[in-house]
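Every chain is numbered from 1, with letters handed out A, B, ... down the list of sequences.
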There are 2 protein chains.
Amino acid sequence: MDKTLKRMATMQRMQVTGLYLFYSKGYYNTSVDDVLKELSMSKGAFYHHFKSKEDFFIQIIENLLVRKIYTVLIEPIEGHEHTLDLINSCFEDALETAVHNELDYGFVLSNFINEFNGRNERVMKHLNNILKVWEVNLVSAIQRGKFNGYINRHVDAEGVAVFLMSAYMGVRTLMVEITPSARKYRFMSQLRNYLKSLEVKTATANIS
Amino acid sequence: MDKTLKRMATMQRMQVTGLYLFYSKGYYNTSVDDVLKELSMSKGAFYHHFKSKEDFFIQIIENLLVRKIYTVLIEPIEGHEHTLDLINSCFEDALETAVHNELDYGFVLSNFINEFNGRNERVMKHLNNILKVWEVNLVSAIQRGKFNGYINRHVDAEGVAVFLMSAYMGVRTLMVEITPSARKYRFMSQLRNYLKSLEVKTATANIS
DNA sequence: TGTAATACCGACCAACCGGTCGCTATACAA
DNA sequence: TTGTATAGCGACCGGTTGGTCGGTATTACA
């Protein structure tokens with residue numbers, strides 16, 4: 001096998017294991033030795049590939065976390081179909097994955113933000129960047145929805161984005177407890193209610 | 001001074017300092033020595049009053065955290081005035097406090113849940129209990145609102161409670177970043193929008 | 001004033017932390 | 001086959017962790 005290819009394969013394997021452990025036990029609560037034990041690897045090998053634990057984690061963020069958020073929360077709302085339906089399906093799918101996750105420790109990004117906030121500025125910058133990318137993409141999806149006539153012109157796109165992100169991050173924390181499925185169902189029902197309030201209003205639609 | 005009174009005063013002082021440090025640096029990232037340094041106290045004194053670090057933290061939860069949540073998030077919505085107004089004011093005030101907090105590390109309860117979830121079942125039980133109390137009180141406030149004619153009869157009280165808790169917990173995490181004030185404003189605006197959708201509908205109110 | 005309980009002190013412990021370093025094992029190019 | 005760069009090894013280091021323990025200082029009460 002090509003040398004650089006093998007190197008990348010090893011590093012990838014280390015990062016996947018690292019993300020899993022950091023997510024489940026927390027960054028500060030997971031020692032380098034823990035990661036190495038899981039990998040059946042030596043310390044020398046670790047520090048041959050990464051210059052520090054922090055550097056290892058930052059590479060995990062950039063290589064794995066960013067891609068994860070993209071796949072689950074950004075790409076699904078990029079289409080030109082009815083924006084509110086896209087958002088609804090996207091959240092539905094994301095939460096369903098969480099429900100079926102045997103061991104759910106909450107929204108990965110939100111967990112790390114909580115852990116690093118006020119403690120490690122360098123890591124926080126990387127995490128906040130992901131948050132920003134998500135926000136920007138949500139805002140433009142909503143504006144696209146307005147342009148395409150699916151969303152009321154007077155809706156504040158930035159406000160909706162902040163609200164949606166808040167709701168999602170919060171419910172993911174709530175769902176780590178017992179009966180995540182019931183909470184997901186109730187949450188999604190209220191989310192649809194909220195999304196409906198953003199629709200283009202017709203003269204007759206809301207008379208009850 | 002009475003002996004037991006002095007003991008309680010000392011323990012109270014220790015717990016207040018402990019909560020501050022655990023909140024700002026995280027539980028696992030704060031050593032007992034850190035707490036003792038802040039208190040100018042010895043290890044012997046600490047372990048004379050508390051049998052372990054974990055025990056110390058659980059007492060902090062029961063004595064300080066529970067009361068805090070009660071004061072900020074439960075009592076303000078207990079009245080018989082318009083329920084949705086009470087909720088709106090309660091969230092507004094709670095977030096305003098967060099904005100003015102020089103060093104904000106997010107919603108205390110939510111931070112600790114994130115830190116202990118899957119790592120310490122005993123502590124999690126105590127934290128989940130607070131969450132449950134909050135939820136129960138929100139649900140009964142909403143049902144009271146329905147009874148008093150402020151909220152639509154068909155509204156799912158449990159669903160609204162989960163949604164409101166999610167949104168609050170999420171926005172508190174989002175607000176730790178830059179410009180918390182702007183995010184608060186946008187969030188509250190959307191929250192009012194959502195709360196409005198729960199009101200008793202009249203034939204003319206929603207024609208636009 | 002004597003005494004017993006409580007409050008507090010800080011040296012000390014084993015276990016663990018992130019990181020270093022001198023070493024070997026392997027793989028490819030000449 | 002040999003030389004050289006990369007991959008991987010694990011003992012070891014200084015520092016920190018939660019917790020212990022033998023001691024002293026302070027207090028309340030007889």
Side-chain angles (χ1 to χ4, degrees), chain A residues 1-61 63 112 115-116 119-123, chain B residues 1-61 112 115-116 119-123 126:
Chain A
M1 199 197 295
D2 188 279
K3 269 188 178 176
T4 61
L5 216 75
K6 176 173 184 193
R7 179 180 175 83
M8 285 179 67
T10 306
M11 286 173 81
Q12 175 80 7
R13 190 174 136 256
M14 292 168 82
Q15 287 173 45
V16 170
T17 304
L19 176 58
Y20 168 74
L21 286 177
F22 289 145
Y23 169 58
S24 53
K25 307 206 303 167
Y27 174 83
Y28 290 112
N29 213 21
T30 304
S31 68
V32 175
D33 282 322
D34 288 339
V35 180
L36 294 171
K37 201 171 155 191
E38 191 76 18
L39 288 160
S40 300
M41 243 187 186
S42 68
K43 241 178 188 171
F46 182 89
Y47 283 96
H48 174 70
H49 290 289
F50 302 96
K51 74 170 204 264
S52 70
K53 187 191 179 188
E54 184 179 305
D55 202 67
F56 176 54
F57 185 66
I58 287 178
Q59 291 215 40
I60 289 178
I61 298 177
N63 295 329
F112 287 140
E115 188 167 6
F116 286 101
R119 281 143 228 165
N120 188 321
E121 217 172 311
R122 184 160 165 249
V123 171
Chain B
M1 202 197 295
D2 188 278
K3 269 188 176 175
T4 60
L5 215 76
K6 176 172 184 193
R7 180 179 175 82
M8 285 178 67
T10 305
M11 287 172 82
Q12 175 80 5
R13 190 174 136 257
M14 292 168 83
Q15 288 174 44
V16 169
T17 305
L19 176 59
Y20 168 74
L21 287 176
F22 288 145
Y23 168 59
S24 54
K25 308 206 302 168
Y27 174 82
Y28 289 112
N29 213 19
T30 304
S31 66
V32 175
D33 281 323
D34 289 339
V35 180
L36 295 171
K37 200 170 153 192
E38 191 77 18
L39 288 161
S40 301
M41 242 187 188
S42 70
K43 263 226 167 120
F46 182 89
Y47 283 96
H48 174 68
H49 290 289
F50 302 97
K51 73 171 206 263
S52 70
K53 187 191 178 188
E54 185 179 305
D55 202 68
F56 176 53
F57 185 66
I58 287 178
Q59 291 215 40
I60 289 177
I61 297 176
F112 286 141
E115 188 168 5
F116 286 101
R119 282 144 228 165
N120 188 320
E121 216 171 313
R122 184 159 164 250
V123 170
H126 289 264

A.B. asks: Check DNA chain C against residues 51-61 of chain A and give the residues with a non-hydrogen atom under 4.0 Å, in numerical order.
C.D. replies: Ser52(A), Lys53(A)
A.B. asks: Using the side chain to side chain contact (heavy atoms under 4.5 Å, CB included) rule, take Asp34(B) and Glu38(B) through it: C-alpha gap first, then chi angles, then the decisive distance, then the call.
C.D. replies: CA-CA 6 Å; Asp34(B) 289 339; Glu38(B) 191 77 18; over 6 Å; no
A.B. asks: Look up atom CD in Glu115(B) and atom CD in Glu115(A), then write down how far apart they are to the nearest 0.5 Å.
C.D. replies: 7.0 Å
A.B. asks: List in numerical order all residues of residues 18-25 of chain A for which some heavy atom is under 4.0 Å away from an atom belonging to DNA chain D.
C.D. replies: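 When residues 18-25 of chain A is checked for heavy atoms under 4.0 Å from DNA chain D, there are no hits whatsoever.
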A.B. asks: Residues two or more places apart in sequence or in another chain: which of them pass side chain to side chain contact (heavy atoms under 4.5 Å, CB included) with Asn120(A)?
C.D. replies: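 Counting only residues at least two positions away or on another chain, Asn120(A) forms a side chain to side chain contact (heavy atoms under 4.5 Å, CB included) with Tyr28(A), Glu54(A), Phe116(A), Arg122(A), Val123(A).
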A.B. asks: Of all heavy-atom pairs between Gln15(A) and Ile60(A), which one has the smallest distance, and what is that distance?
C.D. replies: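 The pair with the smallest heavy-atom distance is O-CD1, 3.7 Å.
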A.B. asks: Which nucleotide in the list dC17(C), dA7(C), dA7(D) gets nearest to the side chain of Asp33(A)?
C.D. replies: dC17(C)
A.B. asks: OP1 or OP2 of dA7(C) versus the side-chain N and O atoms of Arg7(B): is any pair under 4.0 Å?
C.D. replies: yes
A.B. asks: What is the distance from CG of Asn29(A) to P of dC17(C), rounded to the nearest Å?
C.D. replies: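 It is 9 Å, rounded to the nearest whole Å.
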A.B. asks: Can you measure Met11(A) atom CE to dG8(D) atom C1' for me and round it to whole angstrom units?
C.D. replies: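 Checked: the CE to C1' distance equals 15 Å.
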A.B. asks: Between the protein and nucleotides 10-16 of chain D, list every N/O to N/O distance that falls short of 3.5 Å.
C.D. replies:
{"residue": "dG10(D)", "atom": "O6", "partner": "Gly44(A)", "partner atom": "N", "Å": "2.9"}

A.B. asks: Just to confirm, is there a sub-4.0 Å distance from OP1 or OP2 of dT6(C) to any side-chain nitrogen or oxygen of His49(B)?
C.D. replies: no
A.B. asks: What integer distance in Å separates His48(B):NE2 from dA25(D):C1'?
C.D. replies: 13 Å
A.B. asks: Who pairs with Phe112(A) by ring pair (Phe, Tyr, Trp, His ring centres under 6.0 Å), at least two apart in sequence or on another chain?
C.D. replies: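 Phe112(A) satisfies ring pair (Phe, Tyr, Trp, His ring centres under 6.0 Å) with Phe57(A) once adjacent residues are dropped.
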A.B. asks: Looking at Tyr27(A), does the NZ or CZ of Lys53(A) lie under 6.0 angstrom from its six-membered ring centre and within 45 degrees of the ring axis?
C.D. replies: yes
A.B. asks: In whole Å, I'd like the distance from the CG atom of Leu39(B) to the C1' atom of dC8(C).
C.D. replies: 13 Å
A.B. asks: Rounded to whole angstroms, how far apart are CG on Asn120(A) and P on dG18(C)?
C.D. replies: 14 Å
A.B. asks: Can you tell me how far C1' of dC21(D) sits from CZ of Phe46(B), to the nearest Å?
C.D. replies: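 Interatomic distance, CZ of Phe46(B) to C1' of dC21(D): 17 Å.
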A.B. asks: Tell me the interatomic distance from Tyr28(B), atom OH, to dT17(D), atom C1', rounded to whole angstroms.
C.D. replies: 13 Å
A.B. asks: Nearest whole angstrom, please: distance from the P of dA7(C) to the CG of Leu36(B).
C.D. replies: 16 Å
A.B. asks: Within this structure, what is the OG1-CG distance for the pair Thr17(B) and Leu36(B), rounded to the nearest 0.5 Å?
C.D. replies: 10.0 Å
A.B. asks: Look at Tyr47(A) and dG19(C) and indicate whether a side-chain polar atom (N or O) is within less than 4.0 Å of OP1 or OP2.
C.D. replies: yes
A.B. asks: Pair up each side-chain donor or acceptor in residues 39-51 of chain A with any protein partner under 3.5 Å, not counting sequence neighbours, and list the distances.
C.D. replies:
{"residue": "Ser42(A)", "atom": "OG", "partner": "Ala45(A)", "partner atom": "N", "Å": "3.3"}
{"residue": "His49(A)", "atom": "ND1", "partner": "Arg7(A)", "partner atom": "NH1", "Å": "3.4"}

A.B. asks: If I compare all heavy atoms of Gly26(A) with all of Thr30(A), which pair ends up nearest, and what's the gap?
C.D. replies: O-OG1, 2.6 Å
